[in-house]
Amino acid sequence: MSIEPTSPRYEFAINLIDSCKLLLEQHSIENIEEKDHDKDLVTNLDKVLNTHIIREISNRFNDSIVGEEESKSGNKQNSWYIDPIDGTTNFIYRHREFAISIAFEGNEEKFGLVFDVKEDTLYHAHTNLGAFINGQPFTRPKTAAYGIIHINPSYLKEAKYEAFANRFKGVRYLEVCAIEIIRVAIGEASCFYRRDQQAWDYKAAVIFAEMVGLLVEVTENQTVLVGTKWNEVLEEINKHERKSVSGDL
């Protein structure tokens, strides 16, 4: 994908996405392994892309790299965050709704790229340039505050999260952090909420979301909220909890 010359790293990153796309076209899934548990999967292609991304960055820049499959030490003032395939389970079984996610944070610039592989669509944003979809400037359309929320259904077993989700018209869960945040950023959903995330899960998509003007909150324990403000639903949650307590009494 061609872009106007901007910064060496940003232009490099967009070209890197193109090379990753080519690798996916040239290879297929040959091996599936379990990592920490039986639902945490990694394929040979996760590893191929991870090796390729780290090698290409390292050959060009002396930056630190934080990745899901592997990391590399370097200049900590310039850090890359990479997830070679975000949504590996979708990649294996659904063959859609998975993405390559690359972000960079440095002293002078910050940018994020999320490539939806199946849709052949690159969402990319740079703090000095704005947000783009496939190289075209993007402005988020006006979206209802309580349309669709992307949230893990398991959270809804807790009363406060059920009250939160009930404010919205629909609940979605794709099990792929980057694409779900992007869905909010492009106006297809109103809110994303997820606990216990890792930097490589959300960094690139969050940068895009920030550049289209969305509220983004990331707590110390890596809970990520994008979109509808928490304090706008907090009162409703508290009402629900007070009502539950009164009922118990």
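Bear in mind that the values here come from a model prediction, so they are computed numbers and not experimental data. Quick note: residue numbers are just sequence positions, from 1.
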Calculate, to the nearest 0.5 Å, the distance between atoms CD and CG belonging to Gln197 and Asn221 respectively. 11.0 Å
Can you get from Val66 to Ile181 by hopping between Ile, Leu, Val, Met, Phe, Trp and Tyr side chains that sit under 4.5 Å apart? no
Quick one: list whatever passes salt bridge (Lys or Arg N to Asp or Glu O under 4.0 Å) with Asp116, sequence neighbours left out. none
Spacing of OG1 belonging to Thr89 relative to CD1 belonging to Ile32, to within rounding of 0.5 Å: 9.5 Å
Taking NZ, NE, NH1 and NH2 as the nitrogens, is one of them in Arg9 or Asp63 under 4.0 Å from a carboxylate oxygen of the other? yes
Which atom pair, heavy atoms only, marks the closest approach of Gly187 to Pro141? CA-CG, 4.4 Å
When the aromatic ring centroids of Phe104 and Trp80 are compared, is their separation below 6.0 Å? yes
Surrounding CD of Gln222 (heavy atoms of other residues, nucleotides or ligands, distance under 6.0 Å), is the total greater than 12? yes
Step through it carefully: locate the ring centre of Phe61, locate the ring centre of Phe12, and say whether they are under 6.0 Å apart. yes
Would you sort out whether Tyr10 and Phe111 count as a ring pair (Phe, Tyr, Trp, His ring centres under 6.0 Å), showing the intermediate values? CA-CA 7 Å; Tyr10 187 47; Phe111 58 78; 5.2 Å; yes
Any carboxylate oxygen within less than 4.0 angstrom of a Lys/Arg side-chain nitrogen, looking at Lys110 and Glu210? yes
Under the 3.5 angstrom rule, does the side chain of Arg140 hit a backbone N or O of Val184 as a donor-acceptor pair? yes
How far does CG of Asn166 sit from NZ of Lys169, to the nearest 0.5 angstrom? 11.0 Å
Compare all side-chain heavy atoms of Ile148 with those of Val171 and state whether any distance is below 4.5 angstrom. no
So Ile186 and Tyr123, do their side chains get closer than 4.5 Å, heavy atoms only? yes
With no hydrogens and no angle check, is any side-chain donor or acceptor of Ser101 less than 3.5 Å from a backbone partner on Ala99? no
Is there a chain of hydrophobic side chains (I, L, V, M, F, W, Y, each step under 4.5 Å between heavy atoms) that links Tyr146 to Leu156? yes
Under 3.5 Å, is there a donor-acceptor pair linking the side chains of Ser190 and Thr228? no
A side-chain contact here means heavy atoms from C-beta on lying under 4.5 Å apart; do Leu113 and Phe208 qualify? no
Indicate yes or no: at least one non-hydrogen side-chain atom of Glu217 is less than 4.5 angstrom from one of Val224. no
Looking at side-chain heavy atoms only, is the closest gap between Glu109 and Asn128 below 4.5 Å? yes
Check this for me, if you would: do Lys157 and Glu162 make a salt bridge, where the nitrogen-to-carboxylate-oxygen distance has to be below 4.0 angstrom? no
Any link between Phe115 and Ile54 through a network of hydrophobic side chains (Ile, Leu, Val, Met, Phe, Trp, Tyr) touching at under 4.5 Å? yes
Do side-chain atoms of Thr223 reach the backbone of Thr219 as a donor and acceptor pair under 3.5 angstrom? no
To the nearest 0.5 Å, atom CD of Glu97 lies from atom CG of Leu174 at 4.5 Å
Indicate whether any N or O donor in one side chain lies under 3.5 Å from an N or O acceptor in the other, for Tyr173 and Glu180. no
Quick check: does any side chain N or O of Ser19 sit under 3.5 Å from a backbone N or O of Ile17, one acting as donor and the other as acceptor? no
Under the side-chain contact (heavy atoms from CB on, under 4.5 Å) test against Pro84, which residue among Leu23, Val48, Asn50 passes? Asn50
Please say yes or no: joined through hydrophobic side-chain contacts below 4.5 Å, possibly via intermediate residues, are Phe192 and Ile207 part of one cluster? no
Does a side-chain N-to-carboxylate-O contact under 4.0 Å join Glu158 and Arg195? yes
For residues Leu122 and Ile57: do they belong to one hydrophobic cluster (side chain heavy atoms under 4.5 Å, members Ile, Leu, Val, Met, Phe, Trp, Tyr)? yes
Ion pair check, Lys203 and Glu105, cut-off under 4.0 Å: yes
Donor + acceptor pair across side chains of Thr88, Asp46 (<3.5 Å): yes
First locate atom CD of Glu119, then atom CZ of Phe98, and finally report the distance between them rounded to the nearest 0.5 Å. 10.0 Å
To the nearest 0.5 Å, tell me how far Met211 CE sits from Thr127 OG1. 6.5 Å
Do Tyr161 and Tyr193 pair up side chain to side chain, a donor and an acceptor below 3.5 Å, judged on atom types alone? yes
Pair Gln198-Tyr81, side chain to side chain donor-acceptor pair (under 3.5 Å): steps then yes or no: CA-CA 10 Å; Gln198 300 295 329; Tyr81 300 87; over 6 Å; no
His150 (side chain) donor-acceptor with Cys191 (main chain) under 3.5 angstrom: no
Distance-minimising heavy-atom pair for Ala209 and Val216: CB-CG2, 4.1 Å
